[in-house]
Every structure is written in C-alpha cells, then in structure tokens.
Amino acid sequence: MPGTYSQIYLQVVFSVNGRANLINPSWREELHQYIAGIIRSKSQKSIIVGGTADHVHAFFNLKPSLCPADLIRDIKCNSSKWINERGFVLGHFSWQEGYGVFSYAQSQVENVYNYIKNQEEHHKKKTFREEYLDFLKKFDVPYEDRFLFDWVE
C-alpha cells in the first residue's frame, strides 16, 4: 500500500505438542530455515529462527497488511506437515495449541537476535516454562494457568 510505512518487530514462541523433545539436532537447523522460508514466502522479513528440542522462537519484521495470527497459523501448519512428510519423528508430529507473541522496538533487535541465537546455552540455566512465564510477566500479558502449554518438566 503506497504511503504506508511501518516497523513492527515480533517474536513468536511455540512448543512441541506435549512438550516432547522431538526436534532433533540433526534436522533442527533445517527446520529453522524452513520456518524462515515460510515467513519470507508471506512477504515478511525473517530475522532469526531458533530454539531447542521442544520449542521454537521466530523473530521477524511484520508488515501491517498481514495479521500475526495468520502468519503463525501458516508457520505451525506448514512446518508440522513438513516434519511429518520427512518422517523425522516416529508417529505424528504436531505443535501445541497456542503461542506467545511479543513486540519489540528497533533498539532491541540485536538483543532479541542474540537471545534466540543462544537458546541452547540459555536453557542450561532456565527451563522453557520459566522462560515463557518470564516473557508473560515482562510484557505484562494477563494469563490463566489453565490455558498455558501442557508443561512437562
């Protein structure tokens, strides 16, 4: 749309169904690249995709013409189909319902990038549950425990 200018940075966090450690290091980077490709295919700018065996962080620049929920639906749907078609896991792979999405300013882009890049190190000190609850508190997002992910510790 001519004359429309924006700078919207979003980080989305979502988890493997049942919080199972199914994202194997042997294909994890390929998954992250595939998710970045989904973001780019929707004419959005992928900044970084990362995560661990049980969850993913995707950080991207969103144009106002696309609803975040639509993009996240497409990421989860297409990536789970991709994993299943390649037979990376025994049985059926799926993402848990729901996600967290958080917005950032231009001045925070480098910090968020580095945070996602260092997920493996970060999770040696903090569980995914602790991380996720910290995001909700930091961004002052109201929530009910019963609607959060199924936690497996």
Side-chain angles (χ1 to χ4, degrees), residues 7-40 42 44-62 66-84 86 88-153:
Q7 197 65 277
I8 303 169
Y9 294 102
L10 297 179
Q11 176 185 192
V12 63
V13 183
F14 53 93
S15 173
V16 173
N17 196 18
R19 289 279 328 291
N21 291 319
L22 297 178
I23 305 172
N24 191 290
S26 66
W27 51 271
R28 186 176 303 155
E29 183 58 33
E30 192 177 356
L31 169 65
H32 296 163
Q33 291 174 8
Y34 185 79
I35 290 172
I38 294 169
I39 294 166
R40 287 190 302 271
K42 301 295 180 182
Q44 309 306 304
K45 180 183 176 187
S46 175
I47 299 169
I48 188 171
V49 178
T52 64
D54 67 352
H55 72 282
V56 167
H57 294 254
F59 187 43
F60 49 89
N61 187 296
L62 186 77
L66 185 61
C67 173
D70 291 342
L71 177 59
I72 298 164
R73 178 202 60 223
D74 290 346
I75 290 170
K76 290 173 73 176
C77 179
N78 291 325
S79 62
S80 61
K81 180 180 178 195
W82 179 83
I83 291 167
N84 286 315
R86 278 151 188 76
F88 285 139
V89 299
L90 294 175
H92 181 77
F93 178 90
S94 63
W95 299 109
Q96 246 179 353
E97 283 190 48
Y99 54 85
V101 62
F102 309 98
S103 60
Y104 293 91
Q106 170 70 40
S107 62
Q108 298 168 300
V109 169
E110 185 177 350
N111 288 341
V112 176
Y113 179 92
N114 289 327
Y115 178 83
I116 293 171
K117 182 179 175 185
N118 295 308
Q119 277 292 291
E120 289 290 335
E121 278 301 308
H122 176 71
H123 284 289
K124 289 179 181 176
K125 301 173 197 150
K126 187 182 278 194
T127 67
F128 175 60
R129 179 186 177 104
E130 291 169 330
E131 174 188 53
Y132 196 76
L133 292 173
D134 283 351
F135 275 122
L136 295 175
K137 290 172 186 163
K138 175 182 172 184
F139 286 89
D140 199 24
V141 176
Y143 66 92
E144 291 184 43
D145 286 332
R146 65 188 173 118
F147 294 121
L148 291 177
F149 296 128
D150 294 330
W151 302 111
V152 178
E153 301 295 339

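Quick note: numbers below take in every heavy atom, side chains included, and nothing from hydrogens, waters or symmetry partners. Owing to the predicted nature of the structure, the values given are computational and were not obtained by experimental measurement.
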I'd like to know whether W27 forms a side chain to side chain contact (heavy atoms under 4.5 Å, CB included) with V89, so could you lay out the CA-CA distance, the side-chain angles of the two residues, the decisive distance to 0.1 Å, and finally the verdict. CA-CA 11 Å; W27 51 271; V89 299; 4.1 Å; yes
How long is the gap from [atom1] on [X] to [atom2] on [Y], to the nearest 0.5 Å?
| X | Y | atom1 | atom2 | answer |
| --- | --- | --- | --- | --- |
| I38 | I72 | CD1 | CD1 | 12.0 Å |
| F14 | S80 | CZ | OG | 9.5 Å |
| N24 | I83 | CG | CD1 | 11.0 Å |
| R86 | E30 | CZ | CD | 7.0 Å |
| Y143 | L133 | OH | CG | 4.5 Å |
| K117 | I47 | NZ | CD1 | 14.5 Å |

Between K76 (side chain) and E97 (backbone), is there a donor-acceptor pair under 3.5 Å?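 Pair absent, no side-chain N/O of K76 close to backbone of E97.
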Would a distance-only check, ignoring hydrogens and angles, find a side-chain to backbone donor-acceptor pair under 3.5 Å from N84 to F93?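 Flag set: sc N84 to bb F93 pair under 3.5 Å.
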Could you walk me through whether V56 and W95 pass side chain to side chain contact (heavy atoms under 4.5 Å, CB included), step by step? CA-CA 10 Å; V56 167; W95 299 109; 3.6 Å; yes
Residue pair [X] / [Y]: nearest heavy atoms and the distance that separates them:
| X | Y | value |
| --- | --- | --- |
| V16 | A53 | CG2-O, 4.0 Å |
| S15 | F128 | CB-CE2, 3.9 Å |
| Y34 | S79 | CE2-CA, 3.9 Å |
| V49 | S46 | CG2-OG, 4.0 Å |
| Q44 | L71 | CG-CD2, 4.2 Å |
| A58 | I39 | CB-CD1, 4.2 Å |

Whether F102 and Y132 hold their rings parallel, tilted or perpendicular, with breakpoints at 30° and 60°: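 F102 and Y132: perpendicular rings.
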Please work out whether the ring planes of F135 and H57 are parallel, tilted or perpendicular, with thresholds of 30° and 60°.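 Geometry flag for H57 against F135: tilted rings.
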Is the count of non-hydrogen atoms from other residues, nucleotides or ligands lying under 6.0 Å from E110 atom CD greater than 12?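 Result for CD/E110: open.
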Step through the shown structure and confirm whether more than 12 heavy atoms of other residues, nucleotides or ligands are within 6.0 Å of NZ on K126.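 Above 12, so yes.
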Is the distance between the ring centroids of F59 and Y115 under 6.0 Å?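 Ring centres of F59 and Y115 not closer than 6.0 Å.
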Could you check V109 against Y9 for side chain to side chain contact (heavy atoms under 4.5 Å, CB included), going step by step and ending with a plain yes or no? CA-CA 8 Å; V109 169; Y9 294 102; 3.6 Å; yes
I would like to know whether Q119 and H55 meet side-chain hydrogen bond (donor to acceptor under 3.5 Å, both in side chains); could you show each step before the answer? CA-CA 10 Å; Q119 277 292 291; H55 72 282; 3.0 Å; yes
Should K42 and D70 count as an ion pair when the cut-off is N to O under 4.0 Å?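 Salt bridge between K42 and D70, a charged N being under 4.0 Å from a carboxylate O: no.
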